[in-house]
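For reference, the structure discussed in these notes is given below.
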Amino acid sequence: MTNDGSKAVAGLSPDWFGGVIVVAIGTLAVAVASTYTLGTAENMGPGYFPVMLGVLTICFGVGILVVDTRKRSEGVARPALRPLLVITSAILIFAAVVDTLGLAPACFLAALISTFADKNNQPRRALVLAAVLATLAVLTFKYALGVPAEVFTW
Amino acid sequence: MKTISTAWKTLPALLLGAGIALLPAGAALAQSVPDTITVVVPYTPGATADLNLRLIAREVTETSGRNVIVKNVPGAGAVLGAVEVVGARPDGGTLLLSIVGTHVTSELAASTPPYSLREDFVPVTRLWSAPLVLAVDADSPANSVAELLEQGRQKDGGLSYASPGVNSASHLVGIALAHESGVPMRHVAYQGAAPAIVDLVAGRVDIYFSSYTAIAPQVAQGQLKVLAVLDPSRQDLISDIPTMEEAGFAGINAGIEFALLAPAGTPSEAVEVLRKEFSAAANAANVQETLAASGDAVATGTPEELAAFIDAKFEEISAILASR
Amino acid sequence: MVNAGDLWSGLTLLFSFEALLYCFIGVALGTFVGVLPGIGAMTAIALLLPITYQLEPITSLVMLAGIYYGTQYGGSTASILLNMPGTPTTAVTCLDGYPMMKQGRGGVALLITAISSFIGSIIGTVALALFAPPLAQIAISFGSAEYLSLVVLGLLAVVLFSEGSVFRSLAAISIGALLGTVGIDINTGEQRFTFGLLSLYDGVALTAVALGIFGLAEVIANVGQVEERGPAQRISLRSMLPTGDDWPRSLKAALRGTAIGSFFGVLPGAGGVMASFMSYALEKRVSKNSAEFGHGAIEGIAGPEAANNANAQTAFIPTLTLGLPGDAVMALIVSAMMIQGVTPGPSFLHTNPALFWALVFSFVIGNAMLLVLNIPLVGLWVRLLNIPYRTLYPAIVVLICCGIYSVGTSVADVVTVAVMGVLGYGMRLLRFAAAPLLLGFVLGPLMEEHFRRALLLSSGHLSTFVSSWISVVILGAVVLMVLSVVVRQFRSRRQAAVGPSPADEEL
């Protein structure tokens with residue numbers, strides 16, 4: 001669950017940060033949901049439940065800020081930014097490309113890009129791995145399972 | 001090096017030759033409908049709409065030799081499927097199976113979809129329709145529409161009626177009936193037919209305007225009873241059920257009508273060819289039989305008739321929505 | 001009641017080479033699809049539906065059913081090995097299965113889940129065979145008021161079994177519930193939180209959320225430490241076998257899980273997710289080693305796995321005897337039956353006894369096939385883990401992408417996984433658990449739907465929520481649970497004032 005053994009960022013308490021974010025999410029939810037029809041408790045409109053949830057979220061966020069911060073937790077672990085950005089990009093690139101270029105290129109790109117999350121990445125190895133994975137993926141999903149996706153579309 | 005430069009020189013010649021060769025073929029293609037047609041069904045596979053269409057599609061494939069593929073694009077209340085067809089090439093190769101009422105309602109009631117049914121589509125033909133019936137719990141004291149409405153007048157809060165989704169035909173007809181009869185009717189939306197039927201059988205909800213097929217097993221087992229058919233004429237399958245007209249509500253008709261639409265810009269020759277083939281398939285004996293067995297009636301026609309039908313639907317549903 | 005002649009005709013119907021072959025194909029495919037993240041029974045059945053038109057009714061039914069319950073075997077594999085739920089119902093298995101894997105007990109976990117799944121399925125099948133009609137009546141007696149009390153019980157269970165601070169769990173639940181409200185509102189058709197995006201019209205996909213906050217977040221977290229991870233441990237055959245204590249604990253958990261799963265399976269629309277985590281909550285509650293939960297407690301995987309398999313089998317009860325499918329996958333199976341000219345419904349047992357019994361026997365045989373199939377596979381999966389992570393994780397990324405894309409060939413789902421992955425990773429950094437968010441996502445909308453509907457049906461009378469004995473019993477259980485926790489807290493605080501304080505984890 002937590003990043004055991006990773007370096008902590010001193011001074012940044014997960015309780016403060018977490019609490020603030022939760023309150024922010026709750027406030028955002030209330031702001032957007034209150035534009036929907038609210039209705040009454042007996043005859044709820046679409047906005048009622050989300051607003052209620054938003055308010056509850058704010059309360060829980062306050063709870064985190066008030067109660068949890070009393071415990072001296074260790075600081076937030078340093079986020080692994082490189083894997084976060086690289087892997088997320090890999091998946092988003094897959095999404096961007098799969099309909100326009102096809103399943104095989106999308107898998108290839110996703111695999112290739114994700115290898116960059118590894119600091120010790122070797123380009124040649126990465127290319128081979130990506131090609132192999134793309135082939136396996138296409139064989140499994142397109143041919144074995146019959147998913148209606150185009151292998152190459154252009 | 002050398003091979004590449006010679007290739008570059010011959011390339012234009014090749015292209016020219018290919019173009020000349022393809023020209024008559026291209027012209028011919030423009031005249032007729034492609035050999036492979038995709039019909040987009042905006043519902044999940046296995047829904048009744050899907051099954052009936054596949055039957056018709058098989059019939060078209062067998063009689064005309066054309067390859068008809070059924071593609072399911074569910075989501076966004078049948079809007080995603082429509083969007084897919086709007087974006088397709090208007091060469092007669094892509095069609096949309098539409099429940100007319102659903103597509104009209106989504107344009108009028110919900111936030112507007114990114115297309116207009118009347119402008120971005122060309123009607124091809126109607127295919128079949130299934131009238132709705134008024135179903136109640138078998139234990140309900142009412143045995144006719146009149147008795148049911150009387151009950152509603154006595155009850156605090158009127159009657160409750162189920163629908164498989166907001167803005168469905170079942171929902172809209174309830175609004176219309178409430179307006180006509182003056183009995184307050186509370187709409188209770190469910191996610192699909194199955195949970196609605198459970199609550200109806202348990203007697204928690206008073207009415208469900210359903211297609212007959214959906215509740216036939218329960219009616220046969222005596223768990224539900226049908227009080228009226230929402231169609232001008234009695235249905236063969238359930239000939240002892242009176243119509244709403246007979247019950248005094250001539251205007252309250254509702255059904256689920258299926259039609260084929262093509263993207264705007266599809267040439268009228270292609271539309272005519274498609275109309276002929278699909279109408280013929282729908283009217284084939286075995287298709288009619290299968291559909292009739294579940295209470296659906298084949299109802300084909302010309303594109304003009306479909307266009308008029310769509311216009312009428314727009315008017316009808318606007319009126320219902322306005323009366324809320 | 002049960003006619004020997006019917007049983008015999010069922011057996012003879014089933015024991016044809018074709019039916020048995022397709023049963024095997026179905027369960028094998030189901031396991032395969034269950035292991036793959038994202039893609040699940042729904043996709044597999046939808047893709048195979050056209051093939052079933054050509055087959056005999058019994059053959060197509062047996063195959064489709066096999067896929068359905070087969071996925072419940074495979075789903076836990078990825079949960080245990082990669083902290084990535086193969087199907088949303090196995091998300092709970094991640095909680096203790098993955099820690100077990102990290103302790104080197106992955107093989108044990110896989111074996112126990114296979115056996116628990118088998119137990120759950122067989123007992124669930126017996127329930128289907130013998131008690132289908134009375135159990136179906138339970139399905140009908142559950143209206144929205146009763147479902148609401150069940151959901152409240154579920155929410156309480158989530159709060160109670162969650163690790164870490166209560167406020168964090170509660171916040172995660174409510175944020176998950178907010179996420180669940182995205183899409184069109186059932187009663188009014190109004191769009192909520194969609195910001196005009198057509199792809200959000202039907203809401204955020206459950207599978208994408210599960211995959212993102214568990215699986216993807218895990219990958220991101222692990223890659224960051226790929227240098228710190230030592231060479232993969234060699235996993236010996238011996239370590240795959242459960243040790244003495246494991247068997248009785250798992251067995252009891254599996255039996256309890258079966259009871260819970262069978263119950264939830266009968267209720268159309270309750271879902272396997274709820275069954276599996278209710279079982280988890282129960283196990284944590286009754287266990288003497290509750291501190292172990294979240295760190296590799298074997299009951300934490302045995303119970304839920306039995307539950308989701310029992311759920312899958314008893315889900316056939318409302319489908320076959322009432323003709324009312326409990327979820328979208330069952331609805332597909334119903335359509336497949338109707339194409340074959342078989343109409344499930346109240347008269348099904350009378351008009352098609354042979355088909356019914358053939359199906360029931362196919363469940364027994366299919367589950368046996370699955371057990372035989374899955375146990376040797378444990379060795380294979382464990383060996384796969386010996387692949388160095390730097391080669392493995394791009395494969396996982398591709399698997400996640402393809403898996404989620406296959407479900408609806410929807411790009412939006414893929415983007416959702418990415419977003420959920422970032423969210424899940426952020427949650428880990430800030431010490432929020434992922435499970436409560438997922439469960440809030442499932443339970444929140446259910447709560448709203450049933451609350452509103454119950455009020456609509458009763459014309460606004462709140463008394464409807466306590467008007468049936470079922471609701472009263474369930475709500476009574478809720479009250480008792482809350483009281484017992486409060487009392488326990490009170491006692492431990494008093495003890496803290498007197499002596500050394502117990503672990504400060506719960507509040």
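Chain A is the first sequence line, chain B the second, and so forth, proteins listed ahead of strands; every chain is numbered from 1. For clarity, every value in this text was computed on a predicted model and none was experimentally measured.
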Q | Which of A/Thr88, A/Ile91, A/Thr37, A/Val32 touches chain C most, by non-hydrogen pairs under 4.5 Å | A | A/Ile91

Q: Locate the shortest heavy-atom distance separating C/Ser174 from A/Phe60; write the atom from each residue and the value.
A: OG-CD1, 3.7 Å

**Q.** Presence of salt bridge, A/Asp15 and C/Arg168, under 4.0 angstrom
**A.** yes

Q: Indicate the atoms forming the closest heavy-atom contact of C/Arg192 with A/Pro46, along with that distance.
A: NH1-O, 2.7 Å

**Q.** Region of A/Ile21 that comes under 4.5 Å of a non-hydrogen atom in chain C
**A.** side chain

Q.
Within the 4.5 Å heavy-atom criterion, are C/Phe432 and A/Val22 side-chain neighbours or not?
A. yes

Q | Largest heavy-atom contact set with chain C, pairs under 4.5 Å, which of A/Pro83, A/Cys59, A/Ala33 | A | A/Pro83

Q. For C/Leu178, is it the side chain, the backbone, both, or neither that has a heavy atom closer than 4.5 Å to a heavy atom of chain A?
A. both

Q) Side chain, backbone, both or neither: which part of C/Glu190 has an atom under 4.5 Å from a heavy atom of chain A? A) side chain

(Q) Looking at chain C, which one of A/Ala90, A/Ala126, A/Pro50 has the largest number of heavy-atom pairs inside 4.5 Å, strictly under? (A) A/Pro50

Q. Any side-chain heavy atom of A/Ile87 within less than 4.5 Å of one from C/Val219?
A. yes

Q) So, does C/Tyr425 use its side chain to make a donor-acceptor pair with the main chain of A/Pro79 at under 3.5 Å? A) no

(Q) For C/Ile404, which atoms come within 4.5 Å of any heavy atom of chain A: side chain, backbone, both, or neither? (A) neither

Q: Using non-hydrogen atoms and a 4.5 Å limit, figure out which bit of C/Val407 sits close to chain A: side chain, backbone, both or neither.
A: neither

Q.
Report which part of A/Leu129 has an atom under 4.5 Å of a heavy atom belonging to chain C: side chain, backbone, both, or neither.
A. side chain

Q: Let me know if A/Thr35 has heavy atoms under 4.5 Å from chain C in its side chain, its backbone, both or neither.
A: neither

**Q.** Any donor-acceptor N or O pair under 3.5 Å, side chains A/Thr115, C/Arg390
**A.** no

(Q) Can you tell me how far apart OG1 (A/Thr140) and CG (C/Leu399) are? Round to the nearest 0.5 Å. (A) 8.0 Å

Q. Hey, is the main chain of A/Ala95 close enough, under 3.5 Å, to the side chain of C/Tyr405 for a donor-acceptor pair?
A. no

Q) Can you name the nearest heavy-atom pair linking A/Gly18 to C/Leu430, along with the distance? A) CA-CD1, 4.0 Å

Q. Between C/Pro394 and A/Leu133, is any pair of side-chain heavy atoms under 4.5 Å apart?
A. yes

**Q.** CG-CG distance between C/Leu456 and A/Asn43, expressed to the nearest 0.5 angstrom
**A.** 6.5 Å

**Q.** Leading residue by heavy atom contact count with chain C [cutoff under 4.5 Å; candidates A/Tyr48, A/Phe108, A/Tyr36]
**A.** A/Tyr36

**Q.** Interchain contact, C/Thr188 with chain A, by part (heavy-atom threshold 4.5 Å)
**A.** side chain

Q: Compare every heavy atom of A/Ala137 with every heavy atom of C/Val398, then report the nearest pair and how far apart it is.
A: CG1-CB, 3.7 Å

(Q) At a 4.5 Å cut-off on heavy atoms, which part of C/Ser406 comes close to chain A: side chain, backbone, both, or neither? (A) both

Q. When you measure from the side chain of C/Arg452 to the backbone N and O of A/Met44, does any donor-acceptor pair fall under 3.5 Å?
A. yes

**Q.** Part of C/Leu95 lying under 4.5 Å from any heavy atom of chain A
**A.** neither

Q | Heavy-atom pair with the smallest gap, counting every atom of A/Leu103 and C/Cys402 | A | CD1-SG, 4.3 Å

Q: Kindly give the heavy-atom pair with the smallest separation between A/Leu53 and C/Ala177, and that separation in Å.
A: CD1-CB, 3.6 Å

**Q.** Heavy-atom check, side chain of A/Asp118 versus side chain of C/Tyr393, under 4.5 Å
**A.** yes

**Q.** Option that, when pairs with chain C are counted at under 4.5 Å, heavy atom only, ranks first among A/Val138, A/Leu81, A/Leu92
**A.** A/Leu92

Q) Heavy-atom distance under 4.5 Å to chain A: side chain of C/Leu36, backbone, both or neither? A) side chain

**Q.** Region of C/Leu47 in contact with chain A, defined by heavy-atom distances below 4.5 Å
**A.** side chain

Q: Examine whether an atom of A/Phe141 lies under 4.5 Å from a heavy atom of chain C, and if so say whether it belongs to the side chain, the backbone or both; otherwise answer neither.
A: side chain

Q: With the side chain counted from C-beta on, respond yes when A/Phe49 and C/Phe451 share a heavy-atom pair under 4.5 Å apart, and no when they do not.
A: no

